[in-house]
Structures are given as structure tokens and as C-alpha cells.
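Contents: one structure, followed by commentary.
Heads up: numbering here begins at 1 and tracks the sequence. Whatever order the structure lists them in is the order used to number ligands and atoms, beginning at 1. If you're wondering where the values come from, they're calculated on a predicted model, not measured in any experiment.
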Amino acid sequence: MHRPQALLVMRPGTFRIQFGPEQLDRLRTVAELGDPVWAQDLDTSAARARLTEAEVLLTSWGSPELTAERLAAAPKLRAVFHCAGSVRAIVSEALWSRGILVTSAAEANATPVAEYTLAAIIFAGKKAHVLAAQSRLEPFSWHAVGDREDLSNYGRVIGIVGFSRTGRQVMERLRLLETGEILVTDPYADPAAVAGAGGRLVELDELLTRAEILSLHLPELPGTRHTIGARELALLPDGATVVNTARGSVIDTAALERECATGRLNAILDVTEPDPLPAGSVLASLPNVMITPHIAGSLGTETRRMSAQALDELQRYVRGEAPLHPVTRETLEVSA
Ligand SMILES: NC(=O)c1ccc[n+]([C@@H]2O[C@H](COP(=O)([O-])OP(=O)(O)OC[C@H]3O[C@@H](n4cnc5c(N)ncnc54)[C@H](O)[C@@H]3O)[C@@H](O)[C@H]2O)c1
């Protein structure tokens, strides 16, 4: 079996977590590792010596962009296996022009985001974060809320914007709940694929007028900025919860702040614009808004799921099989 020369490119903390002894042993079964095994700065003489020999790179968070100049130092390079989500920060026109294979572990990174979203949707149905904030101010028993109709998940209409890797994985997990209809908006999605995943593809306005919980899974692109603005938020039913694990820029933050400040809407946000919000932000201080610091994606052990996916791709490459998660210039135009 042909064993390509491999170089790992990422920041030190990422290397330590993603490539422990188990992952390095697995890597050694399919590739040759030189010295150094790993680099973050590709412009040192030691890294340049390794780049000259490298046929494959395993990149991750902290990898520098693979510019024309760096690629000129890598004449044998044929494939880049990204051990994290988006490859946007590392790819370049020169990389595409050379026809170098690029794969990503975004599918594996979507898993913890989907898990977080499922939890957020369940809590949104019960308005758990709102009641927790209220009971910190003035403790109350369930008798105070037992007759309310709006604290439940059964039959709730869910709106998913973006039939993405994450959106699809959220829908798989929603099968665990007996929700109501799952409405999906995505200009590129196939209605049959959405139906197969348990949803119904509709226009954004229809989704917004019915969604009791709105969950955003679209990418940050020039065309997706403020997809959810004041007009769109106004379409949501009273008491709806906005869940955002995508990117802060897809929502008009000021408009969301206004709707949440009146108490008409609630929010659970893992991402904001700016991210993080400045100290003293009104949105962050509202009792019906829960904000987490961009933790939905892979952290800790979850990052090893991404290593495993990249190593699977490397193994397929070595065996001459087609990659399962390739990224091209064209697919990147509509994806994260
Ligand atoms: N919170 C986190 O830690 C975290 C981690 C990973 C990803 N993310 C974010 O989650 C989002 C989804 O990531 P992904 O990898 O699942 O995406 P993806 O690349 O798999 O899919 C993007 C999909 O969005 C669809 N789309 C494009 N424009 C759209 C529009 N205007 N309206 C609706 N749909 C549109 C396209 O069909 C595309 O397939 C991205 O914003 C990403 O940055 C966040």
C-alpha cells in the first residue's frame, strides 16, 4: 500500500486534543510522518522542509491559509484533509487551480451543534430558561404555571432555516420528540429530500408565520446577512423562541433585541453579532434570552470525532476510493 508523507497543520492546543496517541497510531498505519510531525507556522525552515516532501496535509483550527507562495513550497501536495468544519480560512484560488483534493469534517462538527439545538428546542418548548430567570428573582412552584398552554413541546411547530448538514441532523434528532409539523426553508433544497427527512419545504414567510420555535442553520454568506430582520421577526407568532447556532450575522441583532425586550419573543443564542456581545449589552441582560459563548460546535472530546472523520477520508484516499466529504470551489459558494 502506498503510504503518503503527511504533515499536520494546526495550533498547538488543537493538535494536543485532536491527535493523541490513539489518533497518531491510526495515522501511522496509513501515512509516513516525518520530523516535525506537526507545525502551525508553515513559513519556518523546518516546516518548509516537511512541506517539500508532503503529499497530504491534515489541517485544523489555526492552520494558516494555503497561499500560492506556501503551495509553491509543496510541489508533491495532492490532498488536504481538514479535521474541522469550514475550510474557508485555509483554501485559496491557488489551491483550487492546482486541483488539490480538499475534504472537511464539517459533517462531524455538525453533530454537537445538532445535539445542542435539540436541547435548546426542548428547553424553548418549556420556556425553561425564561422560568429559571424568573424564579431566581422570585421563587414560585409549578402551581403558578401549571395551567399555561405555552410550556410544552408536544405538537409544537418547528421552523428550520437551512437544510444544511446541521439542519438535517437536527431533524433526525427531532424524531425523538412528538413535535408538530417541521417546516423547512432553503432555496437550494430538494422538496423530496426535505420530506424524506420528516419536514415540508416552504417559503420563509410561511415558515415564520407558523413556527413556534425557529432554528437557524444557514451559512454566513454575503446574501444571508440579516435574513431574519425586523419584518421577519414580526411574522413569528407571539411567544415564539428564536434559536441561533448558525452565525450572529444572519439575524438583525437590534431588531431581535427590540422583540425580546417587549417579551413578545424569546431567544436561545449560541452566536451573536458581534460575537461576543459587548459588556452591558441589553440583549444579554434580558431574562427571556439565553446566550452561550459559541460552544455548540465541537469542543474537547467532540473534536476527536472530526479527527476520526478526516482519518477515514485519508484512508479512502490511500485505498484509491472517492472521498465522502469533498469540498469544491462551487460547493463552498452556498455552504458554511
Ligand atoms: N455554533 C457553532 O459552534 C457552529 C459550529 C458549526 C457550524 N456552525 C454554523 O452552522 C451553520 C450551518 O453549518 P453547516 O455546516 O450545517 O452548513 P452547510 O454548509 O452544510 O449547509 C449550508 C446550507 O445552507 C443552505 N442555504 C444557503 N443559503 C441559504 C439561505 N439563504 N436560506 C436558507 N438556506 C440556505 C444551502 O442549501 C446549504 O446547503 C453555519 O452558519 C455554520 O457557520 C456553527
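Distance check on atom 6 (C) of ligand 1: some protein heavy atom falls below the 4.0 Å cut-off.
Using a non-hydrogen distance threshold of 4.0 Å, Pro219 registers as a contact of ligand 1. Residue contacts with ligand 1 leave out Gly85, since none of its heavy atoms falls under 4.0 Å from the ligand. Contact between Asp270 and ligand 1 is present, with at least one heavy atom of the residue lying under 4.0 Å from the ligand.
At under 3.5 Å, not a single nitrogen or oxygen of Ile295, backbone or side chain, sits near a nitrogen or oxygen of ligand 1. When only interatomic distances are considered, the shortest N/O to N/O separation between Tyr188 and ligand 1 does not fall below 3.5 Å. Note: no N/O pair closer than 3.5 Å links Leu221 and ligand 1 by distance alone. Considering backbone and side-chain atoms alike, Val161 places every N or O at 3.5 Å or more from each N or O of ligand 1. Here's the thing with Thr227: none of its N/O atoms is less than 3.5 angstrom from an N/O atom of ligand 1. Polar contact check, Asp186 against ligand 1: a nitrogen or oxygen pair lies under 3.5 Å apart.
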Going through the distances and angles, do Glu273 and Ser249 end up as a side chain to side chain donor-acceptor pair (under 3.5 Å)? CA-CA 6 Å; Glu273 185 186 54; Ser249 68; 4.7 Å; no

Determine whether Tyr317 and Phe81 satisfy the following criterion, ring pair (Phe, Tyr, Trp, His ring centres under 6.0 Å), listing intermediate values before the conclusion. CA-CA 10 Å; Tyr317 168 84; Phe81 301 100; 5.7 Å; yes

Given the rule in the side chain to side chain donor-acceptor pair (under 3.5 Å) test, do Thr224 and Thr227 qualify, once you have shown the distances and angles that lead to the verdict? CA-CA 5 Å; Thr224 61; Thr227 296; 4.9 Å; no

Going through the distances and angles, do Thr29 and Arg26 end up as a side chain to side chain donor-acceptor pair (under 3.5 Å)? CA-CA 5 Å; Thr29 64; Arg26 188 175 164 201; 5.9 Å; no

Stepwise side chain to side chain donor-acceptor pair (under 3.5 Å) check, Gln40 with Ser63: CA-CA 6 Å; Gln40 176 172 20; Ser63 167; over 6 Å; no

Carefully, step by step, assess Arg156 and Glu149 under the rule salt bridge (charged side-chain N to carboxylate O under 4.0 Å, His left out). CA-CA 11 Å; Arg156 291 274 168 239; Glu149 275 196 39; over 6 Å; no

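Using modelled atom types, one finds no donor on one side chain facing an acceptor on the other under 3.5 Å when comparing Thr245 with Asp270. In this model, no donor atom of one side chain and acceptor atom of the other lie less than 3.5 Å apart for Glu232 and His226. No donor-acceptor contact under 3.5 angstrom links the side chains of His129 and Asn288, judged on distance only. Ser307 and Gln23 are not linked by any side-chain donor-acceptor pair at a separation below 3.5 angstrom, with hydrogens and angles left out of the test.
Between Arg200 and Glu206 there is a salt bridge, with a side-chain nitrogen of the basic residue lying less than 4.0 Å from a carboxylate oxygen of the acidic one.
Taking all atoms of both residues into account, the shortest heavy-atom contact from Arg50 to Asp35 is CD-O, 3.4 Å. Annotation for Leu201 and Val194: closest pair N-CG1, 3.7 Å, computed over non-hydrogen atoms.
Against a heavy-atom cut-off of under 4.0 Å, His294 is close to the following atoms of ligand 1: 1 (N), 2 (C), 3 (O). Near Thr245, with a cut-off below 4.0 Å to any heavy atom, the atoms of ligand 1 are 1 (N), 2 (C), 4 (C), 8 (N), 9 (C), 10 (O), 44 (C). Those atoms of ligand 1 that come under 4.0 Å of a heavy atom in Thr185, given as number and element, are 33 (C). Residue contact check: Thr166 has heavy atoms under 4.0 Å from atoms 12 (C), 13 (O), 14 (P), 16 (O) of ligand 1. Residue Asn109 approaches ligand 1 through these ligand atoms, each under 4.0 Å from one of its heavy atoms: 5 (C), 6 (C). Within the listing of ligand 1, atoms 4 (C), 5 (C), 6 (C) sit less than 4.0 angstrom from a heavy atom of Val113. Each of the following atoms of ligand 1 lies closer than 4.0 Å to a heavy atom of Gly297: 2 (C), 3 (O), 5 (C).
Residue, atom and distance of the protein heavy atom nearest to atom 30 (C) of ligand 1 are Pro187 CD, 3.6 Å. Among protein heavy atoms, the minimum distance from atom 38 (C) of ligand 1 is reached at Val334 O, 3.2 Å. For atom 31 (N) of ligand 1, the nearest protein heavy atom (residue, atom name, distance) is Thr224 CG2, 3.6 Å. In this structure, atom 12 (C) of ligand 1 lies nearest to the protein heavy atom His217 O, 3.5 Å. With respect to atom 9 (C) of ligand 1, the closest heavy atom belonging to the protein is Ala246 O, 3.4 Å. The nearest heavy-atom contact from the protein to atom 43 (O) of ligand 1 is Arg247 CZ, 3.2 Å. In this structure, the protein non-hydrogen atom closest to atom 22 (C) of ligand 1 is Ser164 CB, 3.5 Å.
The side-chain heavy atoms of Arg3 and Val318, taken from C-beta on, include no pair separated by under 4.5 Å.
More than 12 non-hydrogen atoms from other residues, nucleotides or ligands lie less than 6.0 angstrom from CD of Glu93.
Here Ala336 has heavy atoms under 4.0 Å from ligand 1 in both its backbone and its side chain. If you look at Arg165 next to ligand 1, the close heavy atoms, those under 4.0 Å, come from the backbone and the side chain alike.
With values rounded to the nearest 0.5 angstrom, Glu65 atom CD is found 5.5 Å from Ser92 atom OG.
In this structure, of Val170, Asp190, Leu218, the residue bringing a heavy atom nearest to atom 11 (C) of ligand 1 is Leu218.
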